Amino acid sequence: MGFFKEYEVIVVGAGHAGCEAAYAAGKMGSKTLLITLNMNNIAQMSCNPAVGGIAKGQIVREIDALGGMMGIVTDETMIQSKMLNRSKGPAMWSPRAQSDRMMFSNSWRLKLEQNSNVDFWQDMVTDVIVKNDKIKGVRTQLGLEFGANSVILTNGTFLNGKIHIGEKNFGGGRAAERASIGLTASLENFGFESGRMKTGTPPRVDARSLDFSKMEEQPGDKNPPTFSYTKTKPLKKQRSCWLTYTNTEVHDILKTGFEKSPMFSGRIQGLGPRYCPSIEDKIDRFSQRDRHQIFVEPEGWNTVEVYVNGFSTSLPEDVQYKALQKIVGFENAKMFRPGYAIEYDFFPPTQLTHTLETKKVEGLFFAGQINGTTGYEEAGAQGIIAGINAHIKVHNSTKKFILGRDQAYIGVLIDDLITKGTDEPYRMFTSRAEYRILLRQDNADERLTKLGYDIGLAEKYRLEKVKEKHISVKNIINDFKKTSIQPDLINSVLKEKNSSEIKQKTKAYNIVLRPQISIIDLQIDPHIENIIKNQSQEVIEQAEILMKYDGYISKEKEMVNKLKKIDSIKIKPDFNYSLIKTLSAEAVQKLTKIKPTNLGQASRVSGVSPSDISNLMIYLDKN
C-alpha cells in the first residue's frame, strides 16, 4: 500500500513541544502534518495553568526571540503576571504568569490553524516506518501510513501511560484520555532503549467552597511583565492567587493512606521529579516540618475551578478529600477530581544529537517529555529546536541549528540532556547555566532574534525592533558616561537611599554603579530626565543592568572565549576511543556511547575525568 498522504515533516503529539515544532517547521516552509489523539486538547496545560518561573521564564523569552509562539500565547491568555527574584541580581529575574487554561489551548490552536503549511490529523501513531536506518513515515491505529523525510515524536506522558490513584490504576495519558500504545515497542525494535518515569498532579477544587479570607493574597505585579518581545499588551486587570499551609492534622490524615500509596508500595517503578515532589513524599522526606505551602491558583477568568499547587498526590481519593478539608480555608472544600500519579515511557536522551535527531534513525527527532524532561517550557524549547532542524533536514541536510551553552538556556538544556542523560524528570534551574549573567531574561532578543531571522522563523520587524533597542540602550550608557551631576541636586536622594553623598560633580554612570541607586532615582537631574524620557521600561532596565554589571559580564565573556577553544577541537563520530590506552575504561565506555562532537562536550560527559580529557587532547593533537 502507498502512503495515505505525504508531507515533509510529521509531528506526533500536540502538547507544548509538538505545537512549537509544527509551528516552526510550517512557518519555515515545510508541509507539516500534526497528528494528535484529540484535536480539542491541543496545547493542553496538563498540570498547573502557569508559564515561566525560575529559569523557565528565560526559556520562554528565548523561544519568543527565535520566533516561537509560547510567549505570545501566554501574553494573550494570562490572568496574572509577575517578575520573580527581583530582590536578587538580574541573572536571577524570571517572569511567571498564570494563564487561563481554556484560552491558552484555544489560542495555540488558532495560531496553528493560521499557519497555512500545517495540516491536522486525529489518530494514534503506533509505528514509525524506517528503511535503511532512515525515517520514511508513520503508521496509525487506523492502519493509515503517512510519509515524511522528517518525523518528530513529542508524545508527552502518553507512551504506555498508566494513572495511579491509591490502589487503583488504569491506562491513560492524562485524566479521561487514553494512553498511546504500540509506539514504544516499535522504537525498541529499531534498537532504542526506553525507561519509565512518573509525574503527578494535585486535586482540583471548587473556588466557591473555599474561604479566601483565611488565606494570604498573592497579587500580580503592579507593572506586570510580558513574555513576548512583540507588542503584546500588558495586563490591565489581574486575578490573585492565594497562599495557605498544611498542618500536622493534614499530615496525620495523609499518613493513614501511605500503605495504599502506589509510590511507597512499589507499584510505581518510574522515578518522579525531585523538585516537584508529591505531598506524601514531602511529609516522608521532611518529617521535621509541620507545615508546607499550598498555592491556590485560579484556572481562568470565568471558571470556579482551582489548582491546588503543592498538593500533588496519588493517595486514595477519600484520604485526599479528608486531608484537604483540614487545610486552613479548605474546611468546606468540594473536590472536582482527585490528584493522581502517572507513569510513562521515555527514551534516554543520550540517544540524540544536539539537533534532537536520533543517532540510530536519520530524520527521526524526539522532543519534550519523551526525552525525560518536565515542564511546558522545557518541552516548548525542545519542540522549536526539533522543528527547525526537521525543516533544515528536509531542505538542506548539511546545515544544523544548534545553540551553545553560552547562547541560551535552551543550549544548556539540550547539551545537558544529550551529554549527561537523565534518570529523573529534568527541570531547568539558573544554577545549571554556567553563563547565567549572559543568559538573562532581558536580553534573549539580542542573543537569538538574528539567528531566528536568518533561518526564516523570526520576522523582519522583530529584528528591526532588536536593533532599535540596542541603539537606545547604547545611547543611554554613552550619555551617562558624559553627563555630570551636581552634589546639590543629587545629595538629598543619596541620603534618602543610605548612599554616601558626593562632594563634587560626578558622572551619572558612576552613581548608577551604586547598588542602592537606580536610573529612575537620577531623574531629579533635568538632563538625565531628558535622556530617559520616552524610553521604554525594557530599555531603561537593560541599560542599568549593563552599567551595573559590566565587570561581571566582561569576565563571563572572557570565560566563554577561553572555553570556546576546547569546543573548537572536533571529534569524528566514529572515533575509536579504545586506541588511547591512557583513557580509563569508564571514559572509553561513556565516550563511545555518547559520541561527543568536540572536546568541550566530551569534558561534560559524566564519568570522564580531567586527566581523561587531557590524554584525549594530547592524542588528538598528535593525530
Side-chain angles (χ1 to χ4, degrees), residues 8-11 16-32 58-71 115 117-118 135 148-154 349 352-359 361-368 371 373 377-419 439 444-460 462-463 466 564 567-568 570 573 595-598 600-601:
E8 289 172 310
V9 176
I10 291 174
V11 180
H16 303 268
C19 287
E20 290 290 358
Y23 185 86
K27 181 79 191 288
M28 289 169 75
S30 282
K31 286 302 292 174
T32 303
Q58 284 88 324
I59 288 176
V60 180
R61 297 213 94 194
E62 289 175 356
I63 292 169
D64 182 76
L66 286 169
M69 281 290 123
M70 187 181 273
N115 188 324
N117 279 325
V118 177
I135 197 75
N149 290 333
S150 281
V151 170
I152 307 168
L153 300 183
T154 72
L352 307 174
T353 68
H354 274 101
T355 62
L356 297 180
E357 185 177 17
T358 64
K359 293 172 186 172
V361 175
E362 192 183 337
L364 178 62
F365 297 78
F366 292 173
N371 290 335
T373 58
E377 304 81 3
E378 290 87 344
Q382 293 168 74
I384 196 169
I385 297 300
I388 290 167
N389 282 302
H391 164 83
I392 290 170
K393 186 88 190 170
V394 170
H395 295 274
N396 179 357
S397 58
T398 57
K399 279 188 186 173
K400 286 174 179 166
F401 187 80
I402 296 167
L403 295 175
R405 296 181 74 92
D406 60 314
Q407 287 177 294
Y409 271 91
I410 297 174
V412 175
L413 165 72
I414 292 172
D415 187 62
D416 275 359
L417 289 173
I418 70 156
T419 304
L439 308 183
D445 54 345
E446 289 235 354
R447 291 184 274 123
L448 302 174
T449 298
K450 173 78 167 64
L451 298 176
Y453 173 74
D454 287 346
I455 56 170
L457 186 54
E459 295 95 336
K460 191 168 187 190
R462 279 179 173 266
L463 188 63
V466 175
K564 273 205 169 144
D567 280 344
S568 68
K570 302 294 178 207
K595 294 183 173 64
T597 55
N598 61 63
Q601 190 192 352

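One-based numbering along the sequence shown. Not measured: the values here are computed from a predicted model.
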* To do: Check the pair I385, H354 against side chain to side chain contact (heavy atoms under 4.5 Å, CB included), reporting the backbone distance first and the verdict last.
  => CA-CA 9 Å; I385 297 300; H354 274 101; over 6 Å; no
* Write down the atom of M28, the atom of I392, and the distance for their closest heavy-atom approach. => CE-CG1, 4.4 Å
* Do the side chain of E377 and the main chain of V60 share a donor and acceptor less than 3.5 angstrom apart? -> no
* **C19 side chain reached by M69 side chain, heavy atoms, under 4.5 Å** => no
* Asked: Are R447 and L439 close enough that some pair of their side-chain heavy atoms sits under 4.5 Å apart?
  -> yes
* Asked: Is there a donor-acceptor contact under 3.5 Å from the side chain of T358 to the main chain of L364?
  -> yes
* Does P349 reach the side chain of F366, with side-chain heavy atoms less than 4.5 Å apart? -> no
* **Exam field: side chain T32 to backbone V118, donor-acceptor pair closer than 3.5 Å** => no
* To the nearest 0.5 angstrom, please state how far the CD atom of Q407 sits from the CD1 atom of I402. => 10.0 Å
* Smallest separation among heavy atoms of I135 and N149, with atom names -> CG2-O, 3.2 Å
* side-chain contact (heavy atoms from CB on, under 4.5 Å) against A379, all qualifying residues, sequence neighbours excluded -> H16, A17
* Asked: What are the two closest non-hydrogen atoms of A458 and A65, and how far apart are they?
  -> CB-O, 4.2 Å
* Structure fact -> Here the gap from F365 atom CZ to L352 atom CG, rounded to the nearest 0.5 Å, amounts to 10.0 Å
* Non-hydrogen side-chain atoms of F401 and L451 separated by less than 4.5 Å -> yes
* Side-chain (N371) to main-chain (T373) donor-acceptor, under 3.5 angstrom -> no
* Asked: Where is the tightest heavy-atom contact between A367 and A386, given as atom of each residue plus distance?
  -> CB-CB, 4.0 Å
* **Contacts of T353 that satisfy side-chain hydrogen bond (donor to acceptor under 3.5 Å, both in side chains) - sequence neighbours left out** => T355
* Asked: Just by distance, do the side chain of Q601 and the backbone of T597 share a donor-acceptor pair under 3.5 Å?
  -> yes
* **Under the side-chain contact (heavy atoms from CB on, under 4.5 Å) test, residues paired with A381 that sit two or more places apart** => I59, I63, I410, L413
* For D445, check side-chain hydrogen bond (donor to acceptor under 3.5 Å, both in side chains) against everything at least two apart and list the hits. => K469
* **Distance-minimising heavy-atom pair for V394 and E8** => CG2-O, 3.3 Å
* In this structure, are over 12 heavy atoms from other groups packed under 6.0 Å from K570 atom NZ? -> yes
* State, yes or no, whether a side-chain contact exists between L403 and I414 at a heavy-atom distance under 4.5 Å. => no
* Compare every heavy atom of S150 with every heavy atom of A390, then report the nearest pair and how far apart it is. => O-OG, 2.9 Å
* Asked: Mind checking what makes side-chain hydrogen bond (donor to acceptor under 3.5 Å, both in side chains) contact with S568, not counting sequence neighbours?
  -> none
* Asked: Under the salt bridge (charged side-chain N to carboxylate O under 4.0 Å, His left out) rule, what pairs show up with a residue in residues 379-393, not counting sequence neighbours?
  -> E357-K393, E362-K393
* Structure fact -> So CD of E378 and CG of L417: to nearest 0.5 Å the spacing works out to 9.0 Å
* Structure fact -> For K564, the side-chain hydrogen bond (donor to acceptor under 3.5 Å, both in side chains) test, sequence neighbours excluded, returns D406
* To do: State, with a plain yes or no, whether a side-chain heavy atom of L356 is found less than 4.5 Å away from one of N389.
  => no
* **Partners passing side-chain contact (heavy atoms from CB on, under 4.5 Å) against N117 (at least two apart in sequence or in another chain)** => K31, N115
* Structure fact -> For K400, the salt bridge (charged side-chain N to carboxylate O under 4.0 Å, His left out) test, sequence neighbours excluded, returns none
* Could you note down all residue pairs passing side-chain hydrogen bond (donor to acceptor under 3.5 Å, both in side chains) where residues 17-28 supplies at least one of them, sequence neighbours left out? => K27-E459
* Structure fact -> When rounded to the nearest 0.5 Å, the distance separating CG of L66 from CZ of R61 is 13.0 Å
